[in-house]
Amino acid sequence: IWFSCSQRTASAAFSKETTMTKDGRNVARTEPGPSPKLLTVTQVAELLCISRRQIYRLKAMGAIRCVKLGRACRIQAESVDLLIKRGGTQ
């Protein structure tokens, strides 16, 4: 389960569809979309409500795993989930 600090991240995490109610109103329905396996540093920072710099510190400490794709750094979603389940780095 992902929690977010910003509405932008929350809306990206769920795909929206509209449903017609009995009285004829269109209502937005949110359903979980597919979760990505690799996340950008910015995405992880927004999900955890911490700075990008702190994400790089967690990477340097070995608390989260990073995959290098050229110059880009992508964080494995599994390692973020594990960090949350462990209750942090301590």
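Note that the structure is predicted; figures quoted are calculated from it, not measured. Numbers here simply count residues along the sequence, with the first being 1.
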Is there side-chain contact between L48 and L83, with at least one heavy-atom pair below 4.5 Å?
-> yes
Test item: Q43 side-chain N/O and T40 main-chain N/O as donor-acceptor pair under 3.5 Å | yes
In this structure, CD1 of I84 is separated from CD1 of I64 (nearest 0.5 Å) by 10.5 Å
Nearest 0.5 Å, what's the SG-CG distance between C73 and L39?
-> 11.0 Å
With R65 via salt bridge (charged side-chain N to carboxylate O under 4.0 Å, His left out) - residues at least two apart | E78
Please set out all donor-acceptor pairs under 3.5 angstrom arising from side-chain atoms of residues 50-60, sequence neighbours excluded.
residue : atom : partner : partner atom : Å
S51     : OG   : Q54     : N            : 3.1
R52     : NH1  : T42     : OG1          : 2.8
Q54     : OE1  : R57     : NH1          : 3.2

